[in-house]
Trainee: 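There's a structure below that I have some questions on.
Source: prediction; values computed, not measured. When reading the values below, keep in mind they use all heavy atoms of this one structure, side chains included, and skip hydrogens, waters and symmetry mates. Every number for a ligand or one of its atoms is a count from 1 in the order of the listing.
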Amino acid sequence: MALEKVSEILKMADRAKTSAIAFNCVDYPMIKSVVKVAEELNKPTIIMLYPEHARDKHWTTPAVFAAAVKTEAKKVKVPIGLHLDHCSDYNYILAAIKEGFQSVMYDGSMLSVEENIKNTREVAKAAHALGADVEAELGRVGFANTVTDQSDEDMYTKAEVAASFCEQSNCNSVAVAVGTAHGFYKETPKLDIQRLKSINAATDVPLVMHGGSGVPDEQLEIAFREGINKFNVGTEFFYLYYQTMQEFCSAGHPDFFDLPLLAQERLENYLRTKMLLSKL
Ligand code: 13P
């Protein structure tokens with residue numbers, strides 16, 4: 001089928017009281033692996049691009065990335081969503097939508113709640129006019145290499161603010177800070193499930209969990225039941241990819257051109273275990 005809207009995938013996840021899994025990718029072998037395993041397990045799945053991987057690191061461009069995801073999605077029956085991850089640049093977001101991203105994140109988590117609402121609302125107005133969904137962030141999911149980011153309750157999402165934030169910002173989904181952080185954790189995270197329940201009770205948009213690498217499965221199972229409908233994973237997926245390349249080169253393989261196939265096989269094994277966490 002063609003690409004599916006991320007909001008539709010999140011509705012499916014909500015009905016099934018579980019989460020769809022969203023993977024950060026940078027290139028074709030990663031994209032191809034995600035689509036292949038999603039089809040094999042029949043798990044509606046979301047593929048995400050970090051703008052900095054295109055804009056600053058030049059791994060790809062939004063247009064090239066969108067075309068690759070669309071090409072692969074067309075070959076399968078399982079719904080595949082395409083999403084632009086963390087972006088706070090209005091013009092970049094609009095350009096990406098025009099290049100095929102039907103779902104985008106406006107990240108205003110560094111701003112005051114009022115400014116975050118104002119900017120998210122502006123992005124949502126423009127994005128909705130072009131038929132795209134907008135994920136917002138309330139509270140701030142920081143970085144796991146600063147241990148305090150995952151445990152600093154000042155950064156956590158406040159349930160009492162969440163309802164009015166979602167209503168006023170017009171977002172289609174909201175990323176919440178309940179004990180996760182981006183990157184490799186120095187200490188095992190401990191999700192604030194009570195807070196997640198309160199946010200879920202207070203809002204009626206799907207909730208998103210960032211910082212998925214390294215969160216124990218038992219905690220995820222509860223979080224998915226208690227309102228998380230989109231679960232983002234990046235670091236551990238990238239790490240496996242680069243580690244595979246490194247091992248391949250150190251082993252002095254006679255044929256460099258076997259690397260993509262080996263990498264895809266390793267990525268696919270990882271993706272199977274991750275996707276099976278979703279009850280979709
Ligand atoms: P990790 O890189 O920590 O898995 O987080 C991914 C993420 O939240 C992308 O938005």
Trainee: Indicate whether any N or O donor in one side chain lies under 3.5 Å from an N or O acceptor in the other, for Arg272 and Asn269.
Mentor: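 Yes - a donor-acceptor pair under 3.5 Å links their side chains.
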Trainee: Indicate, with yes or no, if the rings of His53 and Phe238 have centres closer together than 6.0 Å.
Mentor: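 Aromatic pair counts; centres sit under 6.0 Å.
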Trainee: Identify all N/O pairs between ligand 1 and the protein with a separation under 3.5 Å and present them as a table of atom names and distances.
Mentor:
residue: ligand 1; atom: 2 (O); partner: Thr235; partner atom: N; Å: 2.7
residue: ligand 1; atom: 2 (O); partner: Thr235; partner atom: OG1; Å: 2.6
residue: ligand 1; atom: 3 (O); partner: Gly183; partner atom: N; Å: 2.8
residue: ligand 1; atom: 4 (O); partner: Ser213; partner atom: N; Å: 3.0
residue: ligand 1; atom: 4 (O); partner: Ser213; partner atom: OG; Å: 2.6
residue: ligand 1; atom: 4 (O); partner: Gly234; partner atom: N; Å: 2.9
residue: ligand 1; atom: 4 (O); partner: Thr235; partner atom: N; Å: 3.4
residue: ligand 1; atom: 5 (O); partner: Gly211; partner atom: N; Å: 3.3
residue: ligand 1; atom: 8 (O); partner: His182; partner atom: NE2; Å: 3.3
residue: ligand 1; atom: 8 (O); partner: His210; partner atom: ND1; Å: 3.3
residue: ligand 1; atom: 8 (O); partner: Gly211; partner atom: N; Å: 2.8
residue: ligand 1; atom: 10 (O); partner: Asp85; partner atom: OD1; Å: 3.3
residue: ligand 1; atom: 10 (O); partner: Asp85; partner atom: OD2; Å: 2.6
residue: ligand 1; atom: 10 (O); partner: His86; partner atom: NE2; Å: 3.3
residue: ligand 1; atom: 10 (O); partner: His210; partner atom: ND1; Å: 2.9
residue: ligand 1; atom: 10 (O); partner: Asn232; partner atom: ND2; Å: 3.1

Trainee: Do you know the tightest heavy-atom contact between Ala223 and Leu191?
Mentor: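 For Ala223 versus Leu191, the nearest heavy atoms are CB-CD1, 3.9 Å.
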Trainee: When the ring planes of Tyr270 and Phe23 are compared, do they come out parallel, tilted or perpendicular, using 30° and 60° as the limits?
Mentor: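 Perpendicular.
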Trainee: If the plane angle is over 60° it's perpendicular, under 30° parallel, otherwise tilted; pick one for Tyr239 and Phe184.
Mentor: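 Because their plane-to-plane angle is over 60°, the rings of Tyr239 and Phe184 count as perpendicular.
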Trainee: Run the numbers on His128 and Asn172 for side-chain hydrogen bond (donor to acceptor under 3.5 Å, both in side chains), then give the verdict.
Mentor: CA-CA 10 Å; His128 292 164; Asn172 300 90; 2.8 Å; yes
